[in-house]
There are 2 protein chains.
Amino acid sequence: MATGRTHRPATRSRGIPEATVARLPLYLRALTALSERSVPTVSSEELAAAAGVNSAKLRKDFSYLGSYGTRGVGYDVEYLVYQISRELGLTQDWPVVIVGIGNLGAALANYGGFASRGFRVAALIDADPAMAGKPVAGIAVQHTDELEKIITDNGVSIGVIATPAGAAQQVCDRLVAAGVTSILNFAPTVLSVPEGVDVRKVDLSIELQILAFHEQRKAGEEASSQDAAQPATTPVRPGSTDDSDRKGPDGDVPAVMPA
Amino acid sequence: MATGRTHRPATRSRGIPEATVARLPLYLRALTALSERSVPTVSSEELAAAAGVNSAKLRKDFSYLGSYGTRGVGYDVEYLVYQISRELGLTQDWPVVIVGIGNLGAALANYGGFASRGFRVAALIDADPAMAGKPVAGIAVQHTDELEKIITDNGVSIGVIATPAGAAQQVCDRLVAAGVTSILNFAPTVLSVPEGVDVRKVDLSIELQILAFHEQRKAGEEASSQDAAQPATTPVRPGSTDDSDRKGPDGDVPAVMPA
DNA sequence: CCATCTTTGTGCACGCGTTCACAAAGACAT
DNA sequence: ATGTCTTTGTGAACGCGTGCACAAAGATGG
C-alpha cells in the first residue's frame, strides 16, 4: 500500500463499497435458503433479519447494485439470487488450489460449502513428499514442485495458504509469481504481496484474543477490584527506576505491578 | 440490534476503539517475534512495518493504552508485550471448549497457536456417540450430553462452534444457557444471541466470495467486452414483462439477460 | 549545560459507513 | 379511476477510523 498509485482511486465507475461487498455473501446465503423453501418474494425487513443486519443498510446495499425490488412488495428471491451471484462473480467457475494439507488444509478440502458456489478445488499441494499421491477429500495430493505447473495449466487465480507460518511467505511468492492474484491466508503471518494482489487473512488466534479482550472487560466490569491472575514474569518499565510516572488513559488502572 | 439500549453505549470509560483492539494481536505477534530475537527496543516505524500497518495508526493505537514508549528511542519490546497481553486479557488462563469435532474441529484442536497465548482447550465435544472417548490432539472427545456440566465445572466462558450449520444455533443456545459469553463461530450461520454475548464468525465461504468479486473486477477491467460464462438458469425480472426498465447504477451494464 | 537530532503523542481534517426519516412508487381494493 | 397502504430507494446527518503533519519530549554529543 501507499506505493505509487493509491491502491485504487475510488474505483472507476461501479463503486460498490467494500463493506457492502462483504455483506453480499450473507444476503446470498439467506436468499438461497429462502429459494430452497420456494419463497417467492421477501421484504427488506425480513431479509435483513435473516442476515442479521439493519434493514436500511440492506436496502442501501442493494441500491448500489441497481433498482431491483418492487415497492409495496419486496424483492423477488430468485432474481436477487441471480443478481448477487453475478455481481460477486459466482456465475463463473473459480479453480482454487489449497497449499499445505495438514489438519486445516484437509478440513478445507473437505469443506462442502467450497464447491457449492462457483469454487472448485483444482489441486491440493503439500511440501511433504510422503503426502504426494495420497487422496484427501477424493483428490490426490501433489508435491510443491508441481505448484507452478498446476497454476498455469488450470488457470488458477485464487490460492489458499494453510501452511505453517514459516512457509507462508515463500509459498505466497511462488503463487503470485505463477499468476495467482487472490490469496486466502490461514497462516498467522503478515504476507507482503505486490500491488494488484488481494490478500484476505483468517486468523483463529486473533479472533480468540479479541474475544478474550471483551470477556475480560465484561468480567472486570462489576467485580473490578479483585485481580485474578498474576503473571510469572513482571517486566519493569525500561527507563524509569520508579513506577510513579505510569499514566493510563484513565485513572482507573492501578499504576502498579508487584515487583 | 435496535433492541432497547444500544448494544453498549460507547462503552464507559477506557474507550479503546474496536478497530484498535482488532490490531493489538497483530502487534503482539510482531513484538513476540522481536522478543524471541532479543531485540530490546523498536520504533513505531519498524513495528508498523512488521505488522503491516501505518506507523501513525500504530502510535495512535498505543496511545489509547497509555504513554508507553520513549521519544527519540521507541518502545521497549518486553514491556510492550506485557502491556498488550494484559490489555487483551492474556495474562490469565482462558479455558475453551470446541464443539463439533469434524475435520475442522480436529484441526482447531491441533492448532498450536491455541494454547500458546493464554488459551487452553478444556474439552472437545461432539454429538456423535461413536466419537466419545476417542482422543483428538491428546484429549478425549466427550459427548454433547456433558456440555452443561463441562462448562460449569471448568468455568468456561469462551466456546468455539465447529458443527454443521444446522446444529450451530442449538449448540449456541446451550452454550449460552450454560454460561458461555463469547463464541467463535465457524458454522455458516447467523447466530442469534442474547445481549451481552459476543459472537465472532469465521466464514471461509464468505472470504472466498469476496475474493471472487475482486478477481472478477480485475479480470473484467481490461478485457471488459467478452462475457465469460452464461448461467444455466436465467431468471426473468418478476413483475415487468419487458426488460426495458432495467437500470443499473451506471449505464455500463447491458440491460439484458438472454431470455 | 546547551544544541541537535530522533521519535513519540496528538490535534485536525477528511472520507467512509451507518442510520434516520421520508418522499416516491407501485400494489391492491373499491 | 381513485384512494389507501405497504415498502422501496435515497438525501442528509452523524460518528468512527485513518492519515497528515507538527509540537513536545527526551536521548545523545560536545
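Chain naming here is simple, since letters A, B, ... match the order of the sequence lines and numbering starts at 1 in each.
- Per the geometry, CZ belonging to B:Phe62 stands 14 Å off P belonging to C:dT10, to the nearest Å.
- Residue pairs meeting the ring-ring contact (aromatic ring centres under 6.0 Å, His included) criterion with at least one member in residues 188-211 of chain A, sequence neighbours excluded, do not occur.
- Listed candidates were C:dT8, D:dT10, C:dT18. Nearest to the side chain of B:Ser44 is C:dT8.
- What separates CG of A:Asp76 from C1' of D:dT8 is a distance of 15 Å, to the nearest Å.
- Atom OH of B:Tyr27 sits about 4.5 Å away from atom CG of B:Leu58, to the nearest 0.5 Å.
- Atom pair A:Tyr64:OH and C:dC16:P shows a separation of 10 Å (rounding to whole Å applied).
- For B:Leu47 and C:dT8, the CG to P distance is 10 Å, given to the nearest whole Å.
- A close approach under 4.0 Å does not occur between any side-chain nitrogen or oxygen of A:Asn54 and OP1 or OP2 of C:dG17.
- Applying the salt bridge (charged side-chain N to carboxylate O under 4.0 Å, His left out) definition to pairs two or more places apart or across chains, those involving residues 18-45 of chain A are A:Arg23-A:Asp61, A:Arg29-B:Asp203.
- Computed from coordinates, the A:Lys57 NZ to D:dG9 C1' distance equals 17 Å when rounded to whole Å.
- With hydrogens and angles ignored, a donor-acceptor pair closer than 3.5 Å exists between the side chain of B:Lys60 and the base of D:dG19.
- Along DNA chain C, the nucleotide closest to A:Ala56 and the one closest to A:Arg71 are compared, and the more 5′ of them pairs with A:Ala56.
- When the side-chain nitrogen and oxygen atoms of B:Arg59 are compared with OP1 and OP2 of C:dG11, none of them lie within a distance under 4.0 Å.
- One finds no side-chain N or O of A:Ser43 lying less than 4.0 angstrom from the OP1 or OP2 phosphate oxygen of D:dT7.
- The interatomic distance linking A:Leu58 (CG) with C:dT19 (C1') rounds to 14 Å, in whole Å.
- In this structure, B:Leu90 and B:Phe119 have side chains that are in contact, with non-hydrogen atoms separated by less than 4.5 Å.
- Here the CG atom belonging to B:Leu88 is positioned 13.5 Å from the CD atom belonging to A:Glu215, to the nearest 0.5 angstrom.
- Between A:Ala19 and B:Gly72, the one whose closest nucleotide on DNA chain C sits nearer the 5' end is B:Gly72.
- Remark: P of C:dC20 and CD of A:Glu45 are 11 Å apart, rounded to the nearest angstrom.
- Between the P atom of D:dG17 and the CZ atom of B:Arg23 lies a distance of 9 Å, rounded to the nearest Å.
- One finds a side-chain N or O of A:Tyr75 lying less than 4.0 angstrom from the OP1 or OP2 phosphate oxygen of D:dG9.
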